[in-house]
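Values in this document were obtained by computation on a predicted structure and should not be read as measured data. Reminder, nothing fancy here: chain letters follow the sequence lines and each chain counts from 1.
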Amino acid sequence: MFKILSTTSLNICIASLCRVKNLKNAEAVLIDGIRVGILPDVVTYNTLIDGYCRLFGIDSGYSVLGRMMEAGIHPNVITYNTLLSCASRYRLLYQSLDIFDEMLQVGILPDVWSYNILMHCFFKVGKPDEAYRVFKDIFLRNIYPSPATFNIMFTGLCKNWYTDNALMLLRNLQRNGFRPELVTYNILIDGLCKSGKWRTVKGLLKEILDYGHIPNAITYTTVMKCCFKNKMFNEGLEIFSEMKAKGYTFDGFAYCTVAGALLRTGRIEEANQCMGNMFRSGIDLDMVCYNTLINLYCKEGKLEDAFGLLDEVEKMGLECDIYTHTILIDGLCKAGNIQGAQRHLKYLNKMGFGTNLVAFNSFIDGLCKLGQIEYAMQVFESMKVKDEFTYSSIVQGLCSAGRFHLAARLLLCCVRSGVRILRSDKKAVIRGLRFTGFGPQAKKVQSNIRLAKLLHY
DNA sequence: TTAGGGTTAG
């Protein structure tokens, strides 16, 4: 057992308990310490504030701050940054701004971390312009930026689809002597991959080497996923082999990327082999690995195994997430078990996951494929948010039911709102209208779609 | 105290 001899050892002990979310014991250690004359300091309380914030949210963090003040210990910049990062984690922008103000009011000067966290928060809530203002503010106030300042900026720009701006910023900074870290390149490569800018990615991969960086497991996984996305399957699998040879498959990331791509393209047997290799490699499996395994069982039609694994995972104390449940709902729909899927959708809601577009899309698709178009339409109309998947399933469902006019209306509505459609959906509607004797209408739909597309692009 | 890769639907 760890012996508490000083405030430092008290802090180390409390920090390790907070890390494993054991706040009860952390509090007990604090009381024991005080009893034997080892008094807590600002580090002790900052650690506790972080622990409470992570487990129970910002309000409980503030109540620890109250206790801290009662104990006569003054908060410092780290105390406020901890509260700030908690607010940012929950995307509470206005609370973040309040904390920033409060910090100034109590006479604590925000440091580069405070600005970094605030900038990150603006990006998270989809306000890149405001984030950029914070970024500029750092320089205007003569605060020395940290490497994270730039990386948060690049991540935010890429995640908000401003990859061109991110690249321009990189070039500007480089002209002023900025030397990008490997992390910076990984962020940009991921953003560019997701925007389909494969040629620029290739250029950056060369540049990494010019700077003397060695691409790591993250670089490889990012590029491998990009290959799969661009239907460059063999190239992706070659990268996977290279990763194995280099010892970069020490966790589940690469295996799950490969298995996910194989499952999406119907290569079930190969996905099975890939997951088997992951198992045999003896790496620690996390929730994403289990989700991929559950997905594999569902795709193989082994629903019992999928639910059995769900039970096992829960018994192990791992927390199932929105992916787990969506995979299961899709599995149930594909197996024709609509009632089961409906039950699971309700369960999802009960568990506080909120409405999930992907799960509802799976449900609508399941209903359409089973010919329950009336029910599918009811669900469709009740959905506030719809995307290309929702429209695609319902249009195909309506076509299968011979309701081509309604399918055409929805298809047009979809294109007019800027949502892209599959060529197969358009084909099904046009062909259906023609074959049922509505040739002129089919032509009109075709030209309307063309016009809507022109107006949008 | 902040930043990078993997898992869901047509």
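- Atom CD1 of A:Ile108 and atom P of B:dT1 are 17 Å apart (whole Å).
- Between A:Tyr115 and A:Phe100, the two ring planes are perpendicular [angle over 60°; tilted spans 30° to 60°].
- Distance from the side chain of A:Thr292 is smallest for B:dT7 among the nucleotides B:dG6, B:dT2, B:dT7.
- For A:Lys225, no side-chain nitrogen or oxygen approaches OP1 or OP2 of B:dG5 to under 4.0 Å.
- Nearest nucleotide to the A:Ser392 side chain, out of B:dG10, B:dT1, B:dA3: B:dG10.
- Here the C1' atom of nucleotide B:dG4 and the CG atom of A:Leu192 are 13 Å apart, to the nearest Å.
- OP1 or OP2 of B:dG10 sits under 4.0 Å from a side-chain N or O of A:Lys334.
- For the pair A:Lys246 and A:Tyr220, the NZ or CZ position fails the cation-pi test of under 6.0 Å to the six-membered ring centre and within 45 degrees of the ring normal.
- A sub-4.0 Å separation between OP1 or OP2 of B:dG6 and a side-chain N or O of A:Lys194 is present.
- Counting to the nearest Å, the P atom of B:dT2 and the CZ atom of A:Phe122 are 19 Å from each other.
- Residue contacts for A:Cys86: at a heavy-atom cut-off of 4.0 Å it reaches no nucleic acid atom on any strand shown.
- Checking the phosphate oxygens (OP1, OP2) of B:dT1, no side-chain nitrogen or oxygen of A:Arg89 falls inside 4.0 Å.
- Within the 4.0 Å cut-off from OP1 or OP2 of B:dG5, not a single side-chain nitrogen or oxygen of A:Asn186 is found.
- Residue A:Met153 contributes atom CE, which lies 20 Å from atom P of B:dT2 at whole-angstrom precision.
- The phosphate of B:dT2 has neither OP1 nor OP2 within less than 4.0 Å of any side-chain N or O from A:Lys124.
- Between A:Arg420 and B:dG10, a side-chain N or O to OP1/OP2 separation shorter than 4.0 Å is absent.
- Between B:dT8 and A:His325, no contact under 4.0 Å exists linking OP1 or OP2 to a side-chain N or O.
- For the side chain to side chain donor-acceptor pair (under 3.5 Å) test, residues two or more places apart in sequence or in another chain that qualify with A:Arg267 are A:Glu270.
- OP1 or OP2 of B:dA9 lies within a sub-4.0 Å distance of a side-chain N or O belonging to A:Lys299.
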